[in-house]
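For reference, the structure is listed below as structure tokens.
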2 protein chains.
Amino acid sequence: MADELKQAGLKITTPRILILEMLQNAALESNTEHLSAEEIYARLRVSNKDVGIATVYRVLTQFEQAGLIIKHNFEANQAVYELNEGEHHDHLCCVNCGAIVEFVDQKIEERQKKAAVDHGYKLVDHSLVLYGLCPNCQEAA
Amino acid sequence: MADELKQAGLKITTPRILILEMLQNAALESNTEHLSAEEIYARLRVSNKDVGIATVYRVLTQFEQAGLIIKHNFEANQAVYELNEGEHHDHLCCVNCGAIVEFVDQKIEERQKKAAVDHGYKLVDHSLVLYGLCPNCQEAA
DNA sequence: ATGATTGCAAATGTTTTGCATTTGC
DNA sequence: GCAAATGCAAAACATTTGCAATCAT
């Protein structure tokens with residue numbers, strides 16, 4: 001983990017280790033992969049390992065630039081971050097409870113590339129978020 | 001235009017007419033379909049038709065809820081709005097100059113529905129934004 | 001030792017809200 | 001006339017920044 005920081009050209013500091021660790025742990029659970037800066041700040045605070053909110057933001061920005069994590073804007077008002085584990089995926093987000101499922105559809109990926117090329121654009125990145133009702137919330141309704 | 005407001009259950013007021021008119025005019029040009037609240041506010045101000053920024057936001061929110069317009073978050077920090085002309089489309093956005101092209105790919109639409117169903121979700125909406133370099137900006141680079 | 005990193009508090013930028021005033025019907 | 005809509009200024013957010021103190025190497 002310290003290696004990852006070093007490889008990214010970042011000095012090994014306590015805040016950086018704590019935050020990377022937290023995102024790595026979050027990636028293991030299937031419900032909390034995506035954390036906001038405030039959530040990370042609050043969790044550190046609960047663990048009695050205080051890191052200033054400004055530092056949380058700065059570290060997240062550095063991690064994102066280093067490619068260690070990915071930033072999403074599922075909701076307009078707050079960004080969330082997840083560990084970058086290499087394989088790209090899109091997101092399916094429950095409009096009611098916020099549950100998130102990750103998926104990949106190769107056909108969609110291809111057609112996106114085609115759409116960009118058709119318009120003379122060179123595709124750099126994309127953001128696809130499907131919004132729907134998850135099984136649980138469909139039942140409850 | 002006043003009809004559209006009435007149908008949407010909204011009283012006919014000067015700010016609402018001005019803002020709807022502006023978005024309708026914007027929809028006619030191929031480069032300015034997407035306006036932010038601040039842009040709308042500034043344009044009204046230039047036309048000597050002052051509307052408070054709070055009213056701009058309130059009216060846009062009402063229009064969105066009425067289905068008259070669509071809100072996008074291409075960039076994390078500022079929402080933009082466009083007239084809802086019925087037919088759905090996705091967006092291809094130049095990361096350098098912000099130019100926006102609209103497109104539809106029926107295959108992508110289908111596969112999205114499939115992806116949702118495969119995970120037990122009922123698809124409600126989706127947001128697909130491709131980010132790339134437009135022809136002009138590729139040249140300049 | 002020294003340049004990078006942090007924490008704090010203050011600033012920023014967008015969007016929202018409270019409330020007195022004005023407007024549409 | 002009365003409820004709904006507006007304008008203003010203040011509040012509420014998430015996020016960023018300046019700067020002095022602290023830390024990593």
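The sequence lines fix the lettering, A, B, ..., with proteins before strands; numbering per chain opens at 1. Nothing here was measured: the structure is a model prediction, and the numbers come from that model.
Taking atom CG of residue A/Leu18 and atom P of nucleotide C/dT5, one finds them 16 Å apart after rounding to whole Å. What separates OH of A/Tyr41 from P of D/dC13 is a distance of 15 Å, to the nearest Å. Remark: P of D/dA5 and CG of B/Leu60 are 15 Å apart, rounded to the nearest angstrom. When the C1' atom of C/dT23 is taken as reference, atom CG of B/Leu10 falls 15 Å away, rounded to whole Å. Rounded to an integer number of Å, the gap from CD1 of A/Ile40 to P of D/dA14 is 14 Å. A/Ile53 has its CD1 atom 12 Å from the C1' atom of D/dC13, to the nearest Å.
A donor atom on one side chain and an acceptor atom on the other are not found under 3.5 Å apart for A/His91 and A/Glu33.
If you check C/dT15, D/dA14, D/dG7 against the side chain of A/Glu38, the one that comes closest is D/dA14.
The aromatic rings of A/His119 and B/Phe103 sit tilted relative to each other, their planes meeting at an angle between 30° and 60°.
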Could you list all N or O pairs between the protein and nucleotides 18-24 of chain D that sit under 3.5 Å apart?
unit_1	atom_1	unit_2	atom_2	d
D/dG18	O6	A/Arg58	NH1	3.4

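A heavy atom lying under 4.0 Å from DNA chain C marks the following residues of residues 61-83 of chain B, by number: B/Asn77, B/Gln78, B/Ala79.
In this structure, the side chain of B/Asn84 engages the main chain of B/Gly67 through a donor-acceptor pair within 3.5 Å. Not a single donor-acceptor pair under 3.5 Å links the side chain of A/Gln62 to the backbone N or O of A/Ala8. A donor-acceptor pair under 3.5 Å is absent between the side-chain atoms of B/Glu82 and the main chain of B/Ile70, judged by distance alone.
Both A/Arg16 and B/Lys6 lie close to DNA chain C; mapped to their nearest nucleotides by heavy-atom distance, the more 5′-ward contact belongs to A/Arg16.
Within 6.0 Å of the CD atom in B/Glu75, the count of heavy atoms belonging to other residues, nucleotides or ligands does not exceed 12.
A/Leu130 and B/Phe74 are members of different hydrophobic clusters when ILVMFWY side chains are connected at heavy-atom separations under 4.5 Å.
A side-chain hydrogen bond (donor to acceptor under 3.5 Å, both in side chains) with A/Tyr41 holds for exactly one of A/Arg43, A/Arg45, A/Glu39; it is A/Arg45.
Put simply, B/Tyr57 has no side-chain N or O that comes within less than 4.0 Å of OP1 or OP2 on C/dT16.
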Stepwise side chain to side chain contact (heavy atoms under 4.5 Å, CB included) check, A/His126 with A/His88: CA-CA 10 Å; A/His126 76 261; A/His88 161 77; 3.2 Å; yes

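Nucleotide C/dA1 forms a Watson-Crick or G-U wobble pair with D/dT25, both donor-acceptor distances falling under 3.5 Å.
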